[in-house]
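The structure that follows is given in the form of structure tokens.
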Amino acid sequence: MIIHPEKISGTPSSGTLTLTTNIIDGIIREILCKPVTGSTTYNIEIQNADGLAIYDNDTLTGNLIDEVVIPATGVHTVLITSASVDELFQIHLVMED
């Protein structure tokens with residue numbers, strides 16, 4: 001078992017950010033999302049290669065750390081929506097190969 005983070009980041013425009021990552025056959029074990037400001041509110045959704053939502057968490061404030069078990073392969077899209085501030089978001093998908 002190998003654990004490693006898929007690290008992506010970006011800044012929303014008008015409260016929306018779309019990022020993609022290519023996952024080669026693994027299991028998402030933890031989702032970490034960190035906006036710069038601890039009081040920033042937002043929603044996060046992760047979609048698989050078919051565009052289906054495999055993770056959805058709404059009305060978050062500040063850092064998100066969520067332990068999950070989500071099988072994943074291929075290109076995945078991470079959507080940040082309704083961000084109260086257009087600032088840098090760092091996202092780590094902790095993967096198990």
Side-chain angles (χ1 to χ4, degrees):
M1 169 175 49
I2 299 172
I3 303 288
H4 64 91
E6 293 283 330
K7 298 178 182 180
I8 53 178
S9 62
T11 302
S13 175
S14 300
T16 302
L17 172 64
T18 303
L19 300 167
T20 58
T21 186
N22 191 15
I23 299 170
I24 302 173
D25 294 327
I27 298 172
I28 301 172
R29 290 291 185 177
E30 192 170 61
I31 299 168
L32 300 113
C33 184
K34 181 181 180 188
V36 170
T37 308
S39 60
T40 298
T41 59
Y42 60 97
N43 304 325
I44 185 171
E45 180 179 298
I46 300 174
Q47 297 176 350
N48 67 12
D50 296 322
L52 300 173
I54 60 170
Y55 180 83
D56 190 15
N57 201 330
D58 292 339
T59 319
L60 299 164
T61 302
N63 296 343
L64 164 71
I65 301 173
D66 198 357
E67 292 183 9
V68 296
V69 178
I70 303 172
T73 188
V75 175
H76 283 64
T77 303
V78 178
L79 302 167
I80 301 291
T81 58
S82 301
S84 60
V85 179
D86 288 340
E87 63 185 5
L88 181 68
F89 278 75
Q90 296 178 358
I91 299 152
H92 295 187
L93 303 178
V94 179
M95 302 295 303
E96 176 185 330
D97 290 338

Item to complete: Let me know which of Val78, Ile80, Asn63 forms a side-chain contact (heavy atoms from CB on, under 4.5 Å) with Cys33.
Response: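 Among the candidates, only Ile80 passes.
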
Discussion item. Tell me if a side-chain donor or acceptor on Tyr42 pairs with a main-chain N or O of Gly62 at a distance below 3.5 Å.
Written reply: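 Checking the backbone N and O of Gly62 against the side chain of Tyr42, a donor-acceptor pair under 3.5 Å is found.
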
Discussion item. Taking the side chain as everything from C-beta on, heavy atoms only, tell me whether Thr40 gets closer than 4.5 Å to Phe89.
Written reply: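 Touching, per the 4.5 Å side-chain cut-off.
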
Practice prompt. Over all heavy atoms of both residues, which pair between Val36 and Glu87 is shortest? Give the atoms and the distance, please.
Written response: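 Scanning both residues, the minimum pair turns out to be N-OE2, 3.4 Å.
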
Worksheet entry | Spatial distance of atom OG1 (Thr21) from atom NZ (Lys7) [nearest 0.5 Å] |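 NZ of Lys7 is found 12.5 Å from OG1 of Thr21.
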
Discussion item. Between Leu32 and Leu17, is there shared hydrophobic-cluster membership here, with clusters defined by ILVMFWY side-chain heavy atoms closer than 4.5 Å?
Written reply: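 No, Leu32 does not connect to Leu17 through the hydrophobic network.
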
Discussion item. Applying a strict under-4.5 Å side-chain criterion to I, L, V, M, F, W and Y, I'd like to know whether Tyr55 and Leu79 cluster together.
Written reply: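 No; tracing contacts between hydrophobic side chains, which count when under 4.5 Å, never links both residues.
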
Discussion item. Is there a continuous path of hydrophobic side-chain contacts, each under 4.5 Å between heavy atoms, that joins Ile28 to Leu19?
Written reply: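 Shared cluster, yes.
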
Discussion item. Return the CD to OG1 distance between Glu45 and Thr81, rounded to the nearest 0.5 Å.
Written reply: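 OG1 of Thr81 is found 7.5 Å from CD of Glu45.
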
Practice prompt. Could you tell me whether a side-chain N or O of Glu6 sits under 3.5 Å from a main-chain N or O of Ile23, the two making a donor and an acceptor?
Written response: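 Judged by distance alone, no pair lies under 3.5 Å.
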
Item to complete: Examine distances only and state if a side-chain atom of Asn48 and a backbone atom of Asp50 form a donor-acceptor pair shorter than 3.5 Å.
Response: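 Such a contact is found between Asn48 side chain and Asp50 backbone.
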
Worksheet entry | Donor-acceptor pair, side chain of Asp25 and main chain of Thr73, under 3.5 angstrom |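 Flag not set: sc Asp25 to bb Thr73 has no pair under 3.5 Å.
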
Fill in: Heavy-atom pair with the smallest gap, counting every atom of Gly15 and Asp86
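Smallest interatomic distance, heavy atoms only, reads N-OD1, 2.8 Å.
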
Worksheet item: When you measure from the side chain of Thr77 to the backbone N and O of Gln47, does any donor-acceptor pair fall under 3.5 Å?
Response: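 It does not hold such a pair.
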
Discussion item. Which heavy atom of Glu30 sits nearest to which heavy atom of Val68, and what is that distance?
Written reply: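 Shortest heavy-atom contact: N-CG2, 4.2 Å.
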
Item to complete: Output the distance between atom CD1 (Ile27) and atom CZ (Arg29), rounded to the nearest 0.5 Å.
Response: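 One gets 5.0 Å once the value is rounded to the nearest 0.5 Å.
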
Discussion item. If I compare all heavy atoms of Ile31 with all of Ile70, which pair ends up nearest, and what's the gap?
Written reply: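 For Ile31 and Ile70, the tightest heavy-atom pair comes out as CD1-CD1, 4.5 Å.
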
Item to complete: Give the minimum heavy-atom separation between Val85 and Pro12, together with the two atoms involved.
Response: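 Of all heavy-atom pairs spanning Val85 and Pro12, the closest is O-CG, 4.4 Å.
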
Worksheet entry | Nearest non-hydrogen partners of Asp58 and Asn43, listed with the distance |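 Heavy atoms of Asp58 and Asn43 come nearest at CA-OD1, 3.3 Å.
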
Item to complete: Kindly compute the distance separating CD1 (Ile46) from CG (Leu52), expressed to the nearest 0.5 Å.
Response: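 Those atoms lie 13.5 Å apart.
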
Practice prompt. Mind checking the CD-CD1 spacing from Gln90 to Ile8? Nearest 0.5 Å is all I need.
Written response: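 Output value for this atom pair is 11.0 Å.
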
Worksheet item: Are any non-hydrogen side-chain atoms of Leu93 and His76 less than 4.5 angstrom apart?
Response: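 Answer no - side chains too far apart.
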
Item to complete: Give a yes or no on whether Ile3 atom CD1 has more than 12 heavy-atom contacts from other residues, nucleotides or ligands under 6.0 Å away.
Response: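 Yes, because the 6.0 Å sphere around CD1 of Ile3 holds more than 12 heavy atoms from other groups.
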
